[in-house]
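Since the structure comes first, as C-alpha cells, the remarks are kept for the end.
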Amino acid sequence: MVMGDIATSTDLLVIGAGPGGYVAAIRGAQLGLDTTLVEKDAYGGVCLNRGCIPSKAFIHGADLAHEAGTAEELGIHADPAVDMSRMQAWKSEVVDQLTSGVEKLCKANGVSLLEGTAAFEDEHTVRIAHGGEGQGMETVEFEHAVIATGSRPIQIPGFDYADEPVLSSAALLEMESVPDRLVVVGAGYIGMELSTMLAKLGTDVTVVEMLDDVLPGYEDDIKRIVRSRAENLGVEFHFGEGATGWEQAPEGVVVTTETEDGEQSEYSGDAVLVAVGRQPVTDTLEIDEIGLETDENGFLETDDRARTDVENVFAVGDVAGEPMLAHKASAEGIVAAEVAAGEPAALDHQAIPAAVFTDPEIATVGMTSDEAEEAGFEPAVGEMPLRASGRALTMNETDGFVRIVADADSGIVLGGQLVAPEASELVAEVALAVEMSATLEDLGGTVHTHPTLAEAVMEAAENAQDQAIHTLNR
Ligand code: FAD
C-alpha cells in the first residue's frame with residue numbers, strides 16, 4: 001500500500017459494472033456479503049451504453065420507419081422521414097434511464113460503488129486509480145473478487161478507430177445523421193444487425209467478409225433466409241475478401257479488399273464500419289500480480305462455478321469466454337456471487353440462448369441436429385415453416401421457421417433453431433424446455449394461444465412426433 005492511500009476492505013469486490021458485474025454485485029449484497037463494485041467508465045457496461053440497448057433501440061426505430069414505408073400491399077401509403085438526431089436523443093434517454101436504474105439498484109441493495117480503474121496488487125488487494133490526474137488512489141482488500149471487465153472491438157491492421165471515418169460499433173451508435181453509403185467490414189452478428197438496420201434507414205450498405213457467407217457458426221438454411229432478406233433491402237455482399245486498407249476520397253472513403261488469390265477490389269462509402277469481433281479486456285487489471293494467465297485467445301478460463309485458477313477470484317461475462325452475450329454474463333455473475341457466499345451454484349451452459357436481431361431475427365438454444373448426433377443422440381427433428389402460420393401471414397412475415405431437436409428415444413428436447421419475427425422472445429420457451437429436460441410431448445401438449453407465432457413451437461414439437469396438424473409430417 002502506498003503511503004497516503006485510503007484503505008478499505010470488503011467481502012466481495014466486483015470489477016466492472018456491465019451485466020456480468022452489476023448483477024454479481026447485487027446478488028452478493030442480497031446474500032449478505034459486504035460488496036463493492038468498481039467501474040472505470042459507465043454503469044451498465046458495453047451492453048447498456050454501447051451495445052445491446054442502443055443497437056436494439058435503433059433497430060426498433062428502423063423497423064418502424066421501414067414497415068410504414070413498405071406496407072402498400074396492406075393499403076398503407078407512407079413515406080416516413082427519419083430525423084436521426086431526434087432518434088439519437090430518444091436512444092440516449094432510454095440508455096440514461098437504464099444506466100441510472102443500475103446505479104440506483106446497486107445502492108438500494110447496499111452495494112458500495114467506487115469509480116476508477118482497478119488493478120491487482122496481490123490475491124487479496126486491488127489498487128483503484130480514480131479518474132484523472134490528482135484524483136488519488138485507493139486500496140481495497142477483499143475476500144473474493146469477481147473480474148467482469150468485458151470486451152472491446154477488435155481492431156484490424158490498417159483500420160485505426162482513432163481515424164474519424166473508421167467506425168467501431170460504439171461510434172456508429174453515436175451517429176447524428178444516417179450515412180448515405182457505408183462500407184461494413186465483417187458479416188458476423190454485429191455487422192449483420194447494423195447493416196440491416198442502416199439499410200432500412202436508407203443507407204446503401206456494402207459488406208465485405210473474408211469468409212464465404214454471413215454469420216459463421218449458424219446453419220446454412222438460417223443464413224440463407226437472413227442473407228437474402230438483407231439483399232432484398234439493398235445490402236451488397238462481397239464474400240471471400242479481406243479488407244486491407246482505406247483511403248480518404250473527395251467524398252468519404254475508398255476501402256480496398258483482397259481475395260486469397262491476391263485479387264483486389266475497392267468499395268466507396270461515407271465511412272467504414274469495422275465489425276470483426278470483440279476481444280476480452282484484461283490489460284487494465286495486472287492479472288500477473290496474482291499469477292493469473294489468459295488462454296491463447298486472451299480469455300480467463302473458468303469452471304462451471306465461474307472460478308478461475310486463483311481460488312478466491314472469479315471471472316464472468318465476455319472476459320470469461322464465448323458466447324459473448326449479456327444474459328450469459330449475468331447468469332455467470334449470479335453463480336459467482338452465490339459461490340462466493342458459500343452456496344452450491346453452477347451454470348448449465350447448454351441452456352443459454354443466443355439471438356441475432358436481423359430481419360427476420362434468429363434465435364437458438366441447445367443443440368442443432370448435427371450436434372445432437374455428434375453427442376451420440378439419435379435426433380428427432382420437427383419443423384414448422386412460418387408460411388403455414390396464421391399469425392405470420394397476418395403480419396405479412398412468412399420467411400423463416402421454428403425447428404425443434406429432441407432425443408428420439410426419450411423425447412427430451414435438446415435444442416431449437418428459430419428464424420422468425422420475435423424469435424428472440426419465442427426462444428424463451430424452448431430454453432425453458434432444454435433447461436428442465438421437457439419432452440416433445442410437453443411442448444406439443446401445451447395449449448398455445450391462437451393466433452400466435454408461439455404456436456409454431458408447439459407445431460414443430462408435434463411435427464417431430466409425426467403428429468403435426470398444420471404441416472405435413474415427415
Ligand atoms: P461489459 O458490458 O463489457 O462491461 C465491462 C465493464 O468493465 C465496462 O463498463 C468497463 O468500463 C469496466 N472495466 C474494464 N476494466 C476495468 C477496470 N480495470 N476497473 C474498473 N472497471 C473496468 N449481447 C446480448 O446478449 N444481446 C444483444 O442484443 C447484444 N447486442 C450487442 C450489440 C453490440 C453493438 C455490441 C458491441 C455488443 C452486443 N452484445 C449483446 C454483447 C454484450 O454487450 C456483452 O456480451 C455484454 O456487455 C458483456 O457484459 P460484461 O459484463 O461481461 O462486460
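Order of appearance sets the numbers: ligands from 1, and atoms from 1 within every ligand. Note that the coordinates shown come from a computational prediction; the quantities given were computed from them, not determined experimentally.
- With atom 43 (O) of ligand 1 as the reference point, the heavy atom nearest to it among Cys47, Pro19, Gly116, Ala320 is part of Cys47.
- Side-chain contact of Thr10 with Asp34: a donor-acceptor pair under 3.5 Å is present, judged by distance alone.
- At a heavy-atom cutoff of 4.0 Å, ligand 1 is contacted by no atom of Ala355, backbone or side chain.
- Ligand 1 has an N or O atom lying under 3.5 Å from an N or O atom of Lys56, backbone or side chain.
- Interatomic distance, CD of Gln417 versus CD1 of Ile362, reported as 11.0 Å (0.5 Å rounding).
- At least one N or O atom of Ala118 sits closer than 3.5 Å to an N or O atom of ligand 1.
- Side-chain contact between Glu138 and Thr8 is present, with heavy atoms from C-beta onward closer than 4.5 Å.
- Taking a cut-off of under 4.0 Å to the non-hydrogen atoms of Ser55, the atoms of ligand 1 that pass are 32 (C).
- Here's the thing with Thr117: none of its N/O atoms is less than 3.5 angstrom from an N/O atom of ligand 1.
- Closest heavy-atom approach to atom 42 (C) of ligand 1 within the set Ser169, Cys52, Ala119: this belongs to Cys52.
- Nearest protein neighbour of atom 38 (C) of ligand 1, counting heavy atoms only, is Tyr189 OH, 3.3 Å.
- Taking every non-hydrogen atom of Met324 and a distance limit under 4.0 Å, the qualifying atoms of ligand 1 come out as 41 (C), 45 (O).
- For ligand 1, the polar-atom distance check finds an N/O of Glu39 within less than 3.5 Å of one of the ligand's N/O atoms.
- Annotation: Ala326 places an N or O atom under 3.5 Å from an N or O atom of ligand 1; distance criterion only.
- Checked against a 3.5 angstrom limit, the closest N/O atoms of Val46 and ligand 1 fall inside it.
- For ligand 1, the atoms sitting less than 4.0 Å from at least one non-hydrogen atom of Leu325 are 23 (N), 24 (C), 25 (O), 45 (O), numbered in the order shown with element in parentheses.
- The distance criterion of under 3.5 Å between nitrogen or oxygen atoms is met by Gly20 with respect to ligand 1.
- For Asp318, a nitrogen or oxygen atom sits less than 3.5 Å from a nitrogen or oxygen atom of ligand 1, counting backbone and side chain alike.
- For a threshold of 3.5 Å applied to N or O pairs, the pair formed by Arg278 and ligand 1 contains no separation below that value.
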